Every structure is written in structure tokens, then in C-alpha cells.
Amino acid sequence: MSDPVAPQRSGLDQVAAPQAAVSDPAAPQRTTVSDPVAAQQATPSDQVAAQRPAAPDPVAPQRTAPDQEMSTRTVPRTRTTLATPAQLPADLPDFTGRAAELASLDALLPAGGEPPPAMLISTIHGMAGTGKTALAVHWGHRIAGRFPDGQLYVNLRGFHPSGVVMSPLEALRAVFDAIGVDTRQLPDGLDAQAALYRSLMAGRRMLLLLDNARDAEQVRPLLPGSRGCLVIVTSRHQLPGLVAIEQARPTKLCVLPDDDARAYLRSRLGTRAGADGGADLDTIVRLCGGLPLALSLVAARSVLNPHSSVAAVASQLAADHGTLDSFADTDPAIDLKTIFSWSYERLSPPAARLLRLLALHPGPDAAPATVASLAGTPVRQARAGLDELVHASLAREPSPGRFLLHDLVRAFAAQRAHDTDPEPERRAALARVLEHYTRASRAAVQRLDPQWDLDPDPSTVEGVAPVDIPDAGAARAWLAVEHQSAVAAVELAARYQLDDQLCRLAATLSDIFQRHGHWRDQVAMQTLALAAGRRAGDLGVRAAAHRSLGSAYARLNQLDAAQEHLVSALRLFEAVGDRANQGRSHRGLAYLHGQQGRYDLALGASQRALELYRAAGDPAGVASALNDTGWCHAMLGDFAPALTHCRQALDALSELGIANAVASTWDSLGFIHAGLGERREAVAAYTRAVEMFQELGDRYNEADALVHLGDCQRELGDPGAARDAWRRALRLLELLGHATAQQVRARLDRVAREGLVSP
């Protein structure tokens with residue numbers, strides 16, 4: 001890891017004035033650092049200070065451009081007189097981590113110290129501040145002994161505040177000077193000089209570190225071409241051309257893992273880190289996003305201000321979260337805003353706009369269709385921009401088709417968006433991405449529940465990319481991946497008071513979140529929807545939010561809150577004359593009464609729901625209420641009417657194709673058969689319910705059915721099968737954080753104590 005506070009080394013372009021080639025083979029080795037003290041203090045990093053040009057040659061005519069080299073045909077000194085440079089910058093005393101990357105790099109070289117069978121190229125790429133140069137230098141020192149003809153270092157200035165990138169001719173001149181070639185005797189032109197360079201390097205075993213490359217064309221003339229040489233290239237770009245044509249071995253450098261980041265901070269802060277406790281270090285690591293340069297900057301400021309505690313540093317970072325204020329500095333080499341801008345300014349205008357808009361995306365990562373909706377462009381165009389951002393290491397693709405920004409890059413992009421894009425354009429982008437999630441959610445819900453009662457879509461938002469959700473499996477996959485982003489989209493809509501889209505999205509996700517056990521997220525979303533409904537004075541929106549909140553609180557076992565919201569929902573639905581949703585509210589109250597063990601009240605609520613559904617002409621509601629009524633009869637011990645109601649419900653729901661309600665009815669039938677002493681029929685019914693709930697992704701009801709399945713298997717004398725069912729149920733309930741997990745643990749403990757099965 002590099003220390004951004006240490007003075008920056010500038011590489012071979014700090015070479016002294018060109019000198020005559022070394023004629024004495026025993027002469028001391030050449031070095032490009034004129035000040036040996038500075039050489040010891042210099043520290044490699046991905047950020048390079050302004051470069052000092054080479055001193056003019058008092059004899060040779062001065063060049064006005066790199067391609068106007070002095071033209072002579074004098075053959076340079078022979079290879080036997082070349083110097084042996086040792087130009088690697090000093091290794092860092094506190095280099096931390098990167099064990100996996102170093103092992104991968106070590107594996108590139110032959111075992112036993114043998115030279116590579118061909119000229120070997122290793123590229124190290126990653127976003128600004130990840131410590132690419134530090135890793136390259138550290139590895140270079142580890143393997144320097146395998147290259148007895150020397151080590152060259154060239155800073156190509158591919159990303160530099162001055163915007164002046166080193167040309168291949170400049171780089172070659174620095175290399176020629178370092179190995180003792182009189183630069184006044186060089187031939188004209190890049191091709192001729194590159195050919196001469198390859199001739200001089202033939203047969204030599206040399207390591208060449210080309211730091212901070214902009215692209216492959218900048219690197220190619222500096223490739224030796226002979227076996228025994230190793231070229232290490234660092235860049236913010238991926239350099240796919242080198243990988244494809246020259247078969248370079250790429251190493252992607254990401255942020256430090258949390259453990260390594262903490263270890264680095266402890267090494268820099270010493271005893272102060274331990275005295276202040278690990279929680280503050282964890283906060284610093286999290287808010288720095290594991291970025292080595294950010295960690296180095298924070299550590300350096302803490303060291304320079306010993307009276308400031310680590311807790312105070314963490315507190316300041318938390319206060320500045322979402323901005324780059326904590327990482328600003330007058331030195332452009334360590335100011336994160338400046339450093340990110342070097343990459344940003346090299347983007348094409350469409351990719352730069354895409355980066356700014358990505359900062360507005362509500363979730364952790366995004367698919368190309370989502371990004372296309374943000375930008376209001378075709379998906380193909382958005383994908384091209386995303387690929388450019390990944391190539392520039394400003395975005396990552398952690399899994400195929402999912403793109404994200406580092407938190408600090410997001411903060412940079414958000415500030416650029418604020419400074420560059422007018423507020424109406426940013427709001428329009430937000431409207432498009434919210435509409436994207438609403439339409440995709442509606443499509444997913446319809447695939448999972450074809451009978452779901454969809455109101456006509458009133459949206460007129462344009463520029464929204466379509467999402468292909470062909471079947472129920474694709475719908476479940478979409479919801480699993482986009483769950484967090486959908487919740488964040490509702491929160492984003494609330495922040496900007498885009499109430500219409502907020503309420504439509506929250507209503508769409510309500511039942512799906514209920515079935516998948518996302519009850520806390522449901523509470524958060526519906527609370528925002530309720531506030532939006534109050535702002536708009538919309539009784540229907542308020543009623544729907546109350547009903548969803550009541551259902552979620554009931555699952556969370558917060559029964560008083562559930563009762564309050566369900567009663568409020570019922571009153572509002574009565575006020576607007578919505579009989580079907582009155583029925584749904586009564587069904588919610590029936591479930592709540594059942595949780596309280598008041599099955600007489602639950603039966604009354606279910607029967608009232610059945611009446612309301614019939615009056616509303618809602619066949620799906622009628623069938624579901626029949627199942628509820630049968631369940632309540634069963635809980636009261638009246639199994640004959642229970643069986644009649646549930647069989648009627650199963651026939652109707654199967655005909656309607658409402659899979660989740662069919663699964664619930666199979667669960668009810670399992671309970672009824674068990675109550676009638678028909679254990680094998682009960683096992684068959686519960687097994688069918690478990691399979692359907694699993695297929696639907698309804699984790700809570702799957703767990704509940706598994707518990708009852710295990711009970712029946714235990715009573716049938718199969719404790720092993722019962723244990724397996726309970727274990728599956730326990731995993732699901734623990735995942736959901738549901739209170740009934742303790743009851744399942746008690747079942748497992750009991751059969752283990754009885755010695756019937758192993759724990």
C-alpha cells in the first residue's frame with residue numbers, strides 16, 4: 001500500500017542530462033535518482049507528482065517535440081558496455097496485505113529462479129488509489145534478484161494533473177540514458193528507436209516497470225521482445241490490447257479486504273489504534289471503502305495530529321459521508337477529487353454523463369436496462385458506456401450484467417452531476433429509473449400471480465427501457481437481485497416527494513414482500529407510502545398502506561400495531577366503498593386473531609371476508625376466504641366443515657391458477673387430515689404445500705409447512721425425516737429472524753435427548 005503523504009517519485013523522466021555511455025564495465029551502476037536521500041524517502045503511489053523534465057544537453061540541438069529527435073547514424077555503444085540500472089523506487093516499510101495478488105504474480109515466473117521462456121508482461125490495473133504502483137514496486141523488489149542486468153522504472157504519466165502524457169519517444173530516451181546509450185547517437189523515428197532498443201535488450205535479463213500507462217500504444221515500443229525480461233505495467237485502464245495481442249497476464253487490483261485495511265491502520269497508528277478500540281477502525285475502513293489511498297490519507301492526518309483521537313477521525317468521516325470533503329488536500333497527488341478527475345476527464349461525453357447519472361441510482365448495483373432508463377438511452381448504448389467505465393476502472397462489474405460504483409467514486413460523480421447537469425435533467429433521470437422499477441415490479445408480480453388485480457398503468461414517463469421477465473423463474477430471479485434497489489427506489493422517491501411513483505411502486509411490491517418475508521422492508525416502504533397518501537389526501541392509498549402495514553406487523557409479532565393498522569385500513573376502505581379490500585382487511589384481522597389464539601373471532605372475520613368478496617364479485621377472494629374459513633373451523637376442532645370449505649377452495653383456486661393460494665390450501669388440508677388422524681394424507685398434503693411454497697419463494701409459509709410436516713413424520717414413527725424437515729424449517733426461520741425458530745429448536749433438542757436421532 002502506498003503512503004500518499006510521502007514525497008512522490010517521478011520516475012525515469014527525472015533523469016539527469018544525457019551522458020556518454022559507460023565504457024568501463026566495472027564502473028558503478030547508474031541510477032536515475034540524482035539525490036540518494038530523496039531516493040530513500042520517495043514512495044510509490046498511483047498518483048504522481050508533476051514531472052521534472054530532463055536537463056538540456058549543452059551540445060546537442062534542442063528538440064521542440066518528441067518526434068524531432070536528433071538524427072545521427074552513429075551506432076551506439078555495444079551491449080557489453082551497457083550500465084546495470086537499479087531504478088525501482090523504495091519499497092514501503094508498511095506494505096500490508098495483497099497476499100493473493102502476490103501469490104498470483106509469483107506464479108507467473110518459472111520455479112527455481114529460471115528466466116522466463118519468453119518476454120513476460122504482467123499488467124496490474126484498477127481504480128485510482130488502489131495501490132497499483134505500491135504492489136508493483138513491492139513485487140519488483142521481491143524478484144529483483146532474478147534479473148541481474150538491472151531494473152528500469154518509467155513513469156508514463158498516463159493520468160497526471162498536468163494532462164501531459166509521456167510519449168513513447170520520451171520514455172525510450174529515458175531508458176537509453178539509464179542504460180548508458182548516448183542519446184545524441186539515436187536514429188530518427190519511433191520505429192527505429194524501438195528496434196534499436198530491442199536489439200540492445202536481446203540476451204539481457206532485465207525487469208522493466210512501466211508505471212501509470214494510459215493505453216497499450218504507449219507501452220508497446222518499450223517491450224524488449226527477448227526471453228528473460230519481465231515487463232510490469234500498471235494502469236487505471238484494463239489494457240485489453242496487451243492481453244489480446246501480447247498475451248499479457250492481467251491482475252485486477254481491488255480495494256483492500258477489511259482485515260488487511262484494519263491491519264494497515266494499526267501499523268500506521270500504532271498504540272493509538274488499540275487504545276481507541278476496534279469499532280472506530282471499522283468505521284474508518286467502511287467509510288474509506290477499503291481504498292488504500294483514502295486509508296493512507298486518513299492515517300497520515302491522524303499521525304500528523306496526535307491530539308486527535310481515532311474516534312474523532314471516525315466521527316468526522318461519518319459527518320462527511322457522501323462527499324469527498326474528508327479526502328481533500330492542497331496536494332493534487334493525494335486529493336481524491338483531483339485524482340478521480342484525471343480518469344473522468346478522459347471519458348467520452350456519453351460515458352461521463354453515464355457516470356454522473358449512476359450516482360443517482362438508488363441501489364448498490366444496477367443492470368444495463370436500469371442504467372439505460374436512468375440515461376434515457378437504448379440499452380445497447382448504455383452497455384457501451386458501462387464497458388467504458390469498467391475499462392477506465394471507474395465502475396466494476398462484480399457479476400455478469402451488474403455494475404456498481406465505489407462509494408467514493410459515487411460521491412465524486414454525484415458532485416459532478418450537481419455541478420454539470422441542471423436540476424430538471426436530474427429529476428427527469430430519477431423519474432425514469434423509478435418508473436423502470438415500477439414497471440419491472442408489475443411484470444414480475446404478474447408472472448408470479450397471474451390473477452393479481454392490476455389497475456391500468458397511468459404512467460406517461462418516456463425513455464424507460466423494457467425489462468424482459470418471461471416466466472415465474474425470471475420473476476423470482478429479478479426480485480432476488482433487485483430487492484434492495486427497489487426498497488431504495490421507494491426511499492429515493494420519498495426524498496424527492498415523487499409521491500405518485502412512490503405509491504405505485506410500494507403498492508406493487510406489497511404482497512410480494514409479504515410472501516418473501518421482507519416484512520421490515522415492507523414496513524419501511526408502506527410507512528413512506530402512508531405519508532405520501534396523507535400529503536395527497538388520497539384515502540385509497542392510505543387504506544392500502546395501512547393494510548400492508550398491518551399484515552407486516554402481524555408477521556413481526558407486533559400485534560398491537562397490526563391491529564391498529566388493520567382497523568384503520570378497514571374504516572378507510574369502508575369510506576371509499578371498496579368491498580374487495582374490506583374483505584382483504586378482514587382476512588388480515590382473521591390471521592391476527594389466530595395468532596392470539598382467538599379462533600372464534602378469526603372465524604367470524606373470515607366469514608365476513610367471504611361475504612364481502614361475494615358481494616364484490618371477486619372469485620379469487622371468495623376462494624381464498626373459503627380456505628381461511630376452513631382453517632378456522634379446523635383450529636376450533638370442527639374438521640368436517642373445515643374439510644368441505646378447503647376442498648371447495650382448492651378446486652376453485654386450482655381452476656383460477658393462483659399458485660400461492662393453492663399452496664396455502666394444501667397446507668390447510670394437511671392440518672385437517674392430521675386432525676382427523678389421517679397422518680399419511682397429511683404428510684402428502686404438507687409435502688405438496690412445501691414444494692409449492694419453495695417454488696414460489698414464500699419462505700415463511702414454507703417453513704411453517706415444514707414444521708407441521710415434521711410433526712406428522714414424527715407421529716408416523718420416522719424421527720429422521722422429522723429432524724430433516726425441522727432443520728430445513730429452522731434455517732428459513734433464522735434467516736427471517738422469526739420468533740418461532742425457538743419452538744423448532746425445542747423440537748430438535750427433544751428428539752436428540754430421546755436418542756431417536758443424532759443432533
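Along the sequence shown, residues carry numbers from 1. Note that the coordinates shown come from a computational prediction; the quantities given were computed from them, not determined experimentally. Scope of the values below: all heavy atoms of this structure, side chains included, with no hydrogens, waters or symmetry mates.
The aromatic rings of Phe671 and Trp631 sit tilted relative to each other, their planes meeting at an angle between 30° and 60°.
A donor-acceptor contact shorter than 3.5 Å is absent between the side chain of Arg542 and the backbone of Gly533. Counting only distance, with no hydrogens or angles, the side chain of Tyr599 and the backbone of Gly594 share a donor-acceptor pair below 3.5 Å. In this structure, Arg447 contributes its side chain and Ile469 its backbone to a donor-acceptor pair below 3.5 Å. Formation of a donor-acceptor pair under 3.5 Å by the Ser373 side chain with backbone atoms of Ala465 is found in this model. Proximity of a side-chain donor or acceptor of Arg699 to a complementary backbone N or O of Leu733 within less than 3.5 Å is not detected. With hydrogens and angles disregarded, no donor-acceptor distance shorter than 3.5 Å links the side chain of His708 to the backbone of Gly670. For the pair Asn581 (side chain) and Arg584 (backbone), a donor-acceptor distance under 3.5 Å is absent. Side-chain atoms of Gln713 do not come within 3.5 Å of backbone N or O of Gly717 as any donor-acceptor pair. At least one donor-acceptor pair closer than 3.5 Å links the side chain of Arg410 to the backbone N or O of His361. Under the 3.5 Å distance criterion, the side-chain polar atoms of Thr629 are matched with a main-chain donor or acceptor of Ala625.
In the model, Gln501 has no side-chain atom that pairs as donor or acceptor with a side-chain atom of Arg504 under 3.5 Å.
Taking OG1 from Thr687 and CD from Glu691, the interatomic distance works out to 6.5 Å, rounded to the nearest 0.5 Å. Rounding to the nearest 0.5 Å places CG of Leu650 at 9.0 Å from SG of Cys646. Between the OG atom in Ser510 and the CD atom in Gln526 there is a gap of 4.5 Å [rounded to 0.5 Å]. Atom CG of residue Leu592 and atom NE2 of residue His565 lie 12.0 Å apart, to the nearest 0.5 angstrom. Between the CD atom of Gln522 and the OG1 atom of Thr527 there is a distance of 10.0 Å, given to the nearest 0.5 Å. A distance of 9.5 Å separates OG of Ser664 from CG of Asp704, quoted to the nearest 0.5 Å.
A search for ring-ring contact (aromatic ring centres under 6.0 Å, His included) contacts involving His673 returns nothing, not counting sequence neighbours. Applying the side chain to side chain donor-acceptor pair (under 3.5 Å) test to Thr665 and every residue at least two apart in sequence or in another chain returns nothing. Residues passing the side chain to side chain donor-acceptor pair (under 3.5 Å) test with Asp538: none are found, sequence neighbours excluded. Remark: Arg647 engages no residue in a side chain to side chain donor-acceptor pair (under 3.5 Å) (not counting sequence neighbours). Partners of Ser326 according to the side chain to side chain donor-acceptor pair (under 3.5 Å) rule, which considers only residues two or more places apart in sequence or in another chain, are Asp320.
Shown here is Arg745, whose CZ atom has more than 12 heavy atoms of other residues, nucleotides or ligands within 6.0 Å. In this structure, Asp560 places its CG atom where only 12 or fewer heavy-atom neighbours from other residues, nucleotides or ligands lie under 6.0 Å away. A 6.0 Å sphere centred on CZ of Arg535 holds more than 12 heavy atoms belonging to other residues, nucleotides or ligands.
Residues Pro368 and Gly401 approach most closely at CD-O, 3.3 Å, considering heavy atoms. Ala609 approaches Arg587 most closely through the heavy-atom pair CB-CG, 3.7 Å. Heavy atoms only, all atoms of each residue included: Ala489 and Leu434 are closest at O-CD2, 3.0 Å. The heavy-atom pair separating Gly675 from Phe639 by the smallest distance is CA-CZ, 3.5 Å. Contact between Leu295 and Ala261 at its shortest, heavy atoms only, is CD1-CB, 3.7 Å. Residues Leu502 and Ala493 approach most closely at CB-CB, 3.7 Å, considering heavy atoms.
Looking at Arg547 and Asp578, no side-chain N of the basic residue comes within less than 4.0 Å of a carboxylate O on the acidic one, giving no salt bridge. We find that Arg714 and Asp711 are not joined by a salt bridge, their nearest charged nitrogen and carboxylate oxygen being 4.0 Å or further apart. Look at Arg579 and Asp618 and you find no salt bridge, because none of the NZ, NE, NH1 or NH2 atoms lies under 4.0 Å from a carboxylate O.
For the pair Val371 and Val433, the minimum side-chain heavy-atom distance is 4.5 Å or more. Proximity of Leu509 to His518: side-chain heavy atoms (C-beta onward) are nowhere separated by under 4.5 Å. Contact of the Leu265 side chain with the Val285 side chain is registered, since non-hydrogen atoms from C-beta on lie closer than 4.5 Å. The closest side-chain heavy-atom distance from Val298 to Val313 is below 4.5 Å. Within the 4.5 Å cutoff, side-chain heavy atoms of Leu556 are placed close to those of Val523. Using a 4.5 Å heavy-atom cutoff, the side chains of Leu732 and Arg728 are not in contact. Side-chain contact check for Leu374 versus Arg432: every heavy-atom pair is 4.5 Å or farther apart. Between Leu748 and Arg727, the closest side-chain pair of non-hydrogen atoms falls below 4.5 Å.
For the side-chain contact (heavy atoms from CB on, under 4.5 Å) criterion with Ile512, the lone passing option out of Leu696, Asp698, Leu479 is Leu479. Of the residues Arg402, Arg396, Gln484, the one that meets the side chain to side chain donor-acceptor pair (under 3.5 Å) test with Asp365 is Arg402. A side-chain contact (heavy atoms from CB on, under 4.5 Å) with Leu358 is found for exactly one of Leu386, Leu404, Thr370, namely Leu386.
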Please report the C-alpha distance between Leu317 and Ile284 in whole Å, then the side-chain angles of each, then the deciding distance to 0.1 Å, and finally whether the side-chain contact (heavy atoms from CB on, under 4.5 Å) criterion is met.
CA-CA 7 Å; Leu317 283 175; Ile284 293 173; 3.9 Å; yes
For side-chain contact (heavy atoms from CB on, under 4.5 Å), just list the numbers for Arg515 and Asn701, CA-CA rounded to whole Å, side-chain angles, deciding distance to a tenth of an Å, and then say yes or no.
CA-CA 8 Å; Arg515 294 175 199 166; Asn701 280 315; over 6 Å; no
side-chain contact (heavy atoms from CB on, under 4.5 Å) for Asn557 and Gln595? Distances and angles first, verdict last.
CA-CA 8 Å; Asn557 207 35; Gln595 281 188 296; 4.2 Å; yes
Show the numbers, then the answer: is there a salt bridge (charged side-chain N to carboxylate O under 4.0 Å, His left out) between Arg286 and Asp407?
CA-CA 10 Å; Arg286 177 175 58 84; Asp407 284 348; over 6 Å; no
Would you please test His483 and Phe513 for side-chain contact (heavy atoms from CB on, under 4.5 Å) and show each step?
CA-CA 9 Å; His483 162 236; Phe513 274 35; 3.3 Å; yes
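The stretch residues 709-752 participates, sequence neighbours left out, in these ring pair (Phe, Tyr, Trp, His ring centres under 6.0 Å) pairs: Trp519-His738, Tyr700-His738.
The cationic group of Arg555 lies under 6.0 Å from the six-membered ring centre of Tyr591 and within 45° of the ring axis, placing it in a cation-pi geometry.
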